[in-house]
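The figures here come from the full heavy-atom set of this structure, side chains too, leaving out hydrogens, waters and symmetry mates. Numbers here simply count residues along the sequence, with the first being 1.
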Amino acid sequence: MKMQELSSGQRTRIALAKALVDNPDLLLLDEPTNHLDQEMQSFLQKTLISRKGATVIVSHDRRFLNQTCNHLIELESGKLTCYTGNYDSFLQKKEKLIEKQMKEYSDQQQERTALKQKIKETTFSKKNPKLPTDRNFMAYDRRGEYHQKSIKHNLDALKSRLDEIEAHPLLHPCPKSIKGLYFSHKPLATAIAIECDRIRKAFGDKILFSEFSKTLKKNDRIILCGPNGCGKTTMLQCIAGIVPLDSGIIRKNPSVKIAYLDQEVDRIPKTLTPLRYFEDTFHLTEQELRRQLHMAALGGVELLNRPFSTLSTGQRKRIMLLSLVLEKPNVLLLDEPTNHLDLLTLEAFEKALLTFEGTILAVSHDQTFIDKIATEIWQL
């Protein structure tokens with residue numbers, strides 16, 4: 001078969017085979033678990049643990065990091081920080097580091113406030129030296145001169161220390177959190193959203209699914225699992241109405257409003273900019289789009305005038321999360337939604353899904369995501 005005929009997971013398996021076949025001294029893996037089914041993830045974990053060469057992995061797969069890495073390097077604000085241990089160990093050490101940095105930040109803020117207060121008191125509350133008790137005015141003037149010099153010396157020392165703090169201020173160490181990402185939806189009129197009645201789909205001689213009957217109900221959060229190439233993406237596309245069935249019926253409640261997120265965010269025209277896309281689709285001005293991105297705490301305003309073709313998959317997916325929100329769906333069809341998302345956005349997205357009162361059908365191999373989200377699992 002040609003590569004273009006294979007699923008994303010099958011192509012990833014081939015790329016891994018190519019990288020592993022010569023057992024290289026240094027193996028560089030960029031998001032290696034994206035699209036991989038559980039069987040292949042397990043194989044890859046065992047291979048990486050047993051191999052003697054060095055491996056450098058870029059990944060947001062929390063369970064995979066826990067089981068494979070013995071050092072974790074965090075890239076943040078242009079700086080690299082190395083931690084020994086796996087992802088859970090990193091979280092514990094990071095928490096302790098933040099506590100230490102928080103104390104240092106608090107101490108510096110308190111010192112800064114105290115210095116400003118002392119400078120203000122010294123500047124505006126200067127006291128003259130006591131008047132002489134005798135008629136020795138020359139000695140009195142000398143004492144006054146010493147007094148003024150002493151005040152100036154103290155004031156200069158206070159200002160110097162304040163300048164030093166303000167030249168090298170400590171940043172607030174608490175990690176950012178995304179709190180504005182949530183879904184408001186059009187309520188379902190009935191308890192049942194979608195019914196699949198004996199649906200079938202095949203490509204040539206390969207039958208993906210046949211006689212498949214299931215019901216999607218309100219508040220269902222269903223994860224669709226299965227081996228690479230078994231037809232999970234095709235089933236989502238059939239339910240979304242993108243790919244026609246060979247036979248069977250998909251019944252949708254009239255009040256259903258579906259929003260679909262594809263694996264690689266490839267369904268948007270790559271020549272468009274995000275600004276043009278949101279103008280055409282949601283009639284948003286640039287100011288309104290910036291406000292919506294800010295409200296959802298998704299950022300990316302610096303990317304609005306760049307064509308989608310120049311953005312990474314992660315950047316496209318992050319921006320398209322806003323599209324999901326603006327569509328106000330009551331049914332979400334998500335194909336590998338955790339792939340390419342940074343951990344901060346991923347955790348905010350998971351929280352938004354847990355508070356979503358509609359229906360969710362998601363394809364995923366991310367075990368942490370599945371454990372958090374799933375109320376039911378369909379194994380295809």
Q: Can Leu28 be reached from Phe64 by stepping across I, L, V, M, F, W or Y side chains whose heavy atoms are under 4.5 Å apart?
A: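 Looking at the clustering, Leu28 is in a separate group from Phe64.
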Q: So with a 6.0 Å cut-off around NZ of Lys372, is the heavy-atom count from everything else above 12?
A: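 Buried by this count: over 12 neighbours within 6.0 Å.
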Q: Would you say CZ of Arg306 has more than 12 non-hydrogen atoms from neighbouring residues, nucleotides or ligands within 6.0 angstrom?
A: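 For Arg306, atom CZ is crowded (more than 12 foreign heavy atoms under 6.0 Å).
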Q: Given the rule that I, L, V, M, F, W and Y join up when any side-chain heavy atoms are under 4.5 Å apart, are Leu6 and Ile207 in one cluster?
A: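 Different clusters: Leu6 never reaches Ile207 through Ile, Leu, Val, Met, Phe, Trp or Tyr contacts under 4.5 Å.
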Q: Can Ile319 be reached from Leu284 by stepping across I, L, V, M, F, W or Y side chains whose heavy atoms are under 4.5 Å apart?
A: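 Same hydrophobic cluster.
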Q: Please assess Glu211 against Arg200 for the test side-chain contact (heavy atoms from CB on, under 4.5 Å), listing each intermediate value before the final yes or no.
A: CA-CA 6 Å; Glu211 299 294 313; Arg200 181 185 190 274; over 6 Å; no
Q: Run Phe349 and Glu347 through side-chain contact (heavy atoms from CB on, under 4.5 Å) and show every step you take.
A: CA-CA 5 Å; Phe349 186 45; Glu347 290 175 359; over 6 Å; no
Q: Calculate, to the nearest 0.5 Å, the distance between atoms CG and CZ belonging to Leu36 and Arg13 respectively.
A: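 Interatomic distance, Leu36 CG to Arg13 CZ, rounded to 0.5 Å: 7.5 Å.
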Q: Nearest 0.5 Å, please: how far is OG in Ser213 from CD1 in Ile199?
A: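 Taking CD1 in Ile199 and OG in Ser213, the distance rounds to 8.0 Å.
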Q: Got a second to check how far Gln10's CD is from Met3's CE, nearest 0.5 Å?
A: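 It is 10.0 Å, given to the nearest 0.5 Å.
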Q: Is it the case that atom CD in Glu357 sees more than 12 heavy atoms from other parts of the structure closer than 6.0 Å?
A: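 Atom CD in Glu357 is not packed in, count stays at 12 or less.
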Q: If you count the non-hydrogen atoms of other residues, nucleotides and ligands that lie under 6.0 Å from CD in Gln109, is the total more than 12?
A: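 Buried by this count: over 12 neighbours within 6.0 Å.
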Q: For the OG1 atom of Thr68 and the CD1 atom of Ile57, what is their distance to the nearest 0.5 Å?
A: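 Here the interatomic distance stands at 4.0 Å.
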Q: Under the salt bridge (Lys or Arg N to Asp or Glu O under 4.0 Å) rule, what do Glu327 and Lys257 come out as? Steps first, then yes or no, please.
A: CA-CA 8 Å; Glu327 286 185 52; Lys257 186 173 184 183; over 6 Å; no
Q: In a check of side-chain contact (heavy atoms from CB on, under 4.5 Å) between Asp366 and each of Glu336, His60, Arg62, which one passes?
A: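 With Asp366 as partner, side-chain contact (heavy atoms from CB on, under 4.5 Å) holds for just one option, Arg62.
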Q: Where do Asn253 and Ala189 come nearest, in terms of heavy atoms and distance?
A: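 It is OD1-CB, 4.2 Å.
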Q: Is it true that atom CD of Gln287 has more than 12 heavy atoms of other residues, nucleotides or ligands lying nearer than 6.0 Å?
A: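 No - once you tally the heavy atoms of other residues, nucleotides and ligands closer than 6.0 Å, there are 12 at most.
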Q: Output, in order, the C-alpha distance, side-chain angles, deciding distance and verdict of salt bridge (Lys or Arg N to Asp or Glu O under 4.0 Å) for Glu121 and Lys118.
A: CA-CA 5 Å; Glu121 290 173 354; Lys118 286 180 182 177; over 6 Å; no
Q: Give a yes or no on whether Leu48 and Phe90 share a hydrophobic cluster (residues Ile, Leu, Val, Met, Phe, Trp, Tyr; joining criterion: side-chain heavy atoms under 4.5 Å apart).
A: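 No, it is not one cluster - the side chains of Leu48 and Phe90 are not joined through contacts under 4.5 Å.
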Q: Rounded to the nearest 0.5 Å, what separation is found between the CZ atom of Phe183 and the CG atom of Asn330?
A: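 The CZ atom of Phe183 sits 12.0 Å away from the CG atom of Asn330.
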Q: Taking the side chain from Lys232 and the backbone from Gly226, do they hold a donor-acceptor pair closer than 3.5 Å?
A: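 Checking the backbone N and O of Gly226 against the side chain of Lys232, a donor-acceptor pair under 3.5 Å is found.
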Q: Tell me whether the centres of the aromatic rings in Trp378 and Phe209 are closer together than 6.0 Å.
A: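 Ring centroids of Trp378 and Phe209 are no less than 6.0 Å from each other.
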Q: Does the pair Ile194 and Thr215 meet the rule for a side-chain contact (heavy atoms from CB on, under 4.5 Å), with working shown?
A: CA-CA 6 Å; Ile194 297 172; Thr215 301; over 6 Å; no
Q: Between Gln108 and Leu170 (side chain of the first, backbone of the second, donor and acceptor by atom type, cut-off under 3.5 Å), is there such a pair?
A: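 Confirmed, Gln108 side chain pairs with Leu170 backbone.
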Q: Would you sort out whether Lys94 and Glu76 count as a salt bridge (Lys or Arg N to Asp or Glu O under 4.0 Å), showing the intermediate values?
A: CA-CA 12 Å; Lys94 179 77 173 177; Glu76 186 177 40; 3.2 Å; yes
Q: Calculate, to the nearest 0.5 Å, the distance between atoms SG and CD1 belonging to Cys225 and Ile370 respectively.
A: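 The SG atom of Cys225 sits 4.0 Å away from the CD1 atom of Ile370.
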Q: Apply the test side-chain contact (heavy atoms from CB on, under 4.5 Å) to residues Ile222 and Ile377: give CA-CA distance (whole Å), side-chain angles for both, the deciding distance (0.1 Å), then the verdict.
A: CA-CA 6 Å; Ile222 297 169; Ile377 293 176; over 6 Å; no
Q: In plain terms, say whether Lys18 and Asp22 are close enough for a salt bridge, that is, a side-chain N and a carboxylate O under 4.0 Å apart.
A: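 So Lys18 does not pair with Asp22 through a salt bridge.
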Q: Tell me, yes or no, whether the heavy-atom count around Lys46 atom NZ, taken from other residues, nucleotides or ligands under 6.0 Å, exceeds 12.
A: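 Atom NZ in Lys46 is not crowded, with 12 or fewer foreign heavy atoms closer than 6.0 Å.
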Q: Only one of Thr338, Thr368, Asp61 forms a side-chain contact (heavy atoms from CB on, under 4.5 Å) with Leu346, so which one is it?
A: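 The passing option is Thr338.
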Q: Assess Lys103 against Tyr105: is NZ or CZ under 6.0 Å from the centre of the six-membered ring, and within 45 degrees of the ring's axis?
A: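 Output no; distance or angle outside limits.
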Q: Would you say that more than 12 heavy atoms from the other residues, nucleotides or ligands in this model lie under 6.0 Å from the CD of Gln117, or not?
A: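 Yes, enclosed.
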Q: Might you work through the side-chain hydrogen bond (donor to acceptor under 3.5 Å, both in side chains) test for Thr273 and Asn305, ending with a clear yes or no?
A: CA-CA 5 Å; Thr273 64; Asn305 291 298; 5.1 Å; no
Q: Please test Arg267 against Asp262 for salt bridge (Lys or Arg N to Asp or Glu O under 4.0 Å), starting from the C-alpha separation and ending with a verdict.
A: CA-CA 7 Å; Arg267 290 175 51 77; Asp262 57 315; 5.2 Å; no
Q: List the atom of Leu236, the atom of Leu333, and the distance in Å for their closest heavy-atom pair.
A: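 Result for this residue pair: O-CD1, 3.9 Å.
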Q: Assigning hydrophobic clusters by single linkage (Ile, Leu, Val, Met, Phe, Trp, Tyr; side-chain heavy-atom cutoff under 4.5 Å), is Ile360 placed with Val256?
A: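 Different clusters.
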Q: Take atom NZ of Lys159 as the centre, draw a 6.0 Å sphere, and report whether it contains more than 12 heavy atoms from other residues, nucleotides or ligands.
A: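 No.
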Q: Would you please test Glu279 and Thr285 for side-chain hydrogen bond (donor to acceptor under 3.5 Å, both in side chains) and show each step?
A: CA-CA 6 Å; Glu279 281 178 349; Thr285 65; over 6 Å; no
Q: If we ignore hydrogens and angles and just use 3.5 Å, is the side chain of Lys93 paired with the main-chain N or O of Gly85 as donor and acceptor?
A: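 Flag not set: sc Lys93 to bb Gly85 has no pair under 3.5 Å.
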Q: Please name the residue in the list Asn339, Asp342, Thr345 that meets the side-chain contact (heavy atoms from CB on, under 4.5 Å) test with Lys317.
A: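 Going through Asn339, Asp342, Thr345 one by one, the side-chain contact (heavy atoms from CB on, under 4.5 Å) with Lys317 is satisfied by Asn339 alone.
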Q: Please confirm whether the backbone N or O of Thr359 pairs with a side-chain atom of Arg221, one donor and one acceptor, at under 3.5 Å?
A: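 No, the answer is negative, given that no donor and acceptor are paired below the 3.5 Å cut-off.
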